Amino acid sequence: MDKRQMTLMLSEREMTILDELAAERGLSKTALLRQALRLYQSVTVRISAGEKLFVEHPETKEKAELVVL
Amino acid sequence: MKEAIETVDLLNRETQQFEPAILYRGIDKTNLDDFDRRWRPLIDVRIAQMTSPSEIAAANIQDWHWDWRDKAKKRTGQLASDSFAVEIDGITQGLLFTTSAAFARIDEQKGLDIVYLEYLATAPWNRKGFTTRPIYKGVGRVLVAAAISLSHDLGFQGRIGLHSIPQSESWYRDTCGMNDLGVDMNADHRGVLRYFEMTSDGANAFISS
Amino acid sequence: MKLLVSREWLRNKILTDPDTEIDAGSALMVLEALGVTVPVLAANEVVLADDRVVQMRIALGALIRQLRFQQKLSVAALARNAIVAEDEIRSIEHDPHYAPKPRTLHQLAGHFHLPVRQLMAMSGATRAIDRAFYNEAVRFAARADDLGALNSEDTNVLYAFVKYMNDRQDVK
């Protein structure tokens, strides 16, 4: 598969969060950003198709629509 | 884009000889045509055999076609979607569809990214369920290995998950060593399919056993 | 992406793996629900042709009718008790070209304490049927009297068939 390169500038805060998330999820920073892109596309496609995203409270089971993008 | 990953072997049950097969990442028109022209007609015959004729069988066949097509269509162009095919002499022997937009359920890895196997199937002529003389053995082993390899490639350390049909449960639980999380009551699976998940350790055990 | 196992490893594993089904995924659920993923006809099974489906339905009709007589129920009363439509009961009892609804069969099975699977087989809902069961059902239908109240011989024939059905449901 052909690969292309980009340079990404992140703020201090963004970089910290990237580091933390990567550590928490057991992913390299690159793997995490790639996965973030996949998930973002996945969500966007669904919303564009008219589907809705909800979050559910773990105890009350109450659902709230994710007001989105 | 379809890419040959590796040459593997499937066992021909009749001759008891291995025959070379190619594992591809990505599928193309050949595989979709094989599904439509080689797999589906055999499945439709079974549906007609198992249910009374007339509009009931026709409706069932329509349901299953729609279901498959709908799922296949939703995957096109999605980065999170992957597919694999196993072919012998250009004929599709097995198919695997995965998504990486999925999260683990087992406590020890709860919420972590996994490769979820949306569809894993061997061709009808390879299945005991369709013929008394199934031909090739080994599609399951190859495709589970492919899924674990993909999971590692994405940084997910081999974690995979799937919903098994009843006839395959012992394969996933006992042979693959996956954790059985029980019947999934979620709407999509209507209390029929059991959910199985493999931890990173389980994946390592599988590929190094 | 690299395949993390070797060709040799795969060969060794495939040789020793149990020979079981491996399919997975919710796309297969529709097939599962239709019973399409169960093994093909066993050596003792046949696929029913249309005229044989009719024979089985005649047997089903006789069975329901006789069990209803046994319980001294009118069609209306059975319909009420089993929570099914009256006209459907009449169709099952008298019209061998009528395809009973699965729910109705479930309800009648529950009411008369019969195995649902066998009733489904008799209704023609599934076409793969145990040869021995087919013969037994047809034999029962031939001896069933459809004139009303059962004498003791009719009752014995009826009970023998019901017992056969119940014993049969445990046979794979």
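In the text below, chain A, chain B and the rest are named by the order of the sequence lines, each starting its count at 1. Since this is a predicted model, take the numbers as computed values, not measurements.
Ring to ring, B:H163 and B:F196 are not that close: their centroids are 6.0 angstrom or more apart.
With a threshold of 4.5 angstrom between heavy atoms, B:L96 does not approach chain C through any atom at all. The contact between B:L162 and chain C is made entirely by side chain atoms (from C-beta outward), counting heavy-atom distances below 4.5 Å. Proximity to chain C (any heavy atom under 4.5 Å) is restricted, for B:E118, to the backbone atoms N, CA, C and O. Looking at B:I5, the atoms closer than 4.5 Å to chain C (heavy atoms on both sides) all sit in the side chain, from C-beta outward. For chain C, the nearby parts of B:T122 are the backbone and the side chain; heavy atoms of each come within less than 4.5 Å. Residue B:Y136: no heavy atom, backbone or side chain, is found under 4.5 Å from chain C. Within the 4.5 angstrom heavy-atom criterion, atoms from both the backbone and the side chain of B:Y119 approach chain C.
C:R90 and C:E93 are not joined by a salt bridge, as no carboxylate oxygen comes within less than 4.0 angstrom of a charged side-chain nitrogen. Under a 4.0 Å N-O distance rule, the pair C:R80/C:E86 does not qualify as a salt bridge. Under the 4.0 Å criterion applied to side-chain N and carboxylate O atoms, C:D23 and B:R127 are assigned as salt-bridge partners. A salt bridge does not link C:K2 to B:D153: none of the charged nitrogens lies less than 4.0 Å from a carboxylate oxygen.
The cationic atom of B:R75 (NZ for Lys, CZ for Arg) lies less than 6.0 Å from the six-membered ring centre of B:F97 and within 45° of the ring axis.
Contact tally against chain C (heavy-atom pairs below 4.5 Å) for B:L154, B:L150, B:L117: the top residue is B:L150. If you tally non-hydrogen atom pairs under 4.5 Å between each of B:Q16, B:H152, B:R13, B:K137 and chain C, the highest count goes to B:K137.
Applying the side-chain hydrogen bond (donor to acceptor under 3.5 Å, both in side chains) definition to pairs two or more places apart or across chains, those involving residues 138-147 of chain B are B:R141-C:D17.
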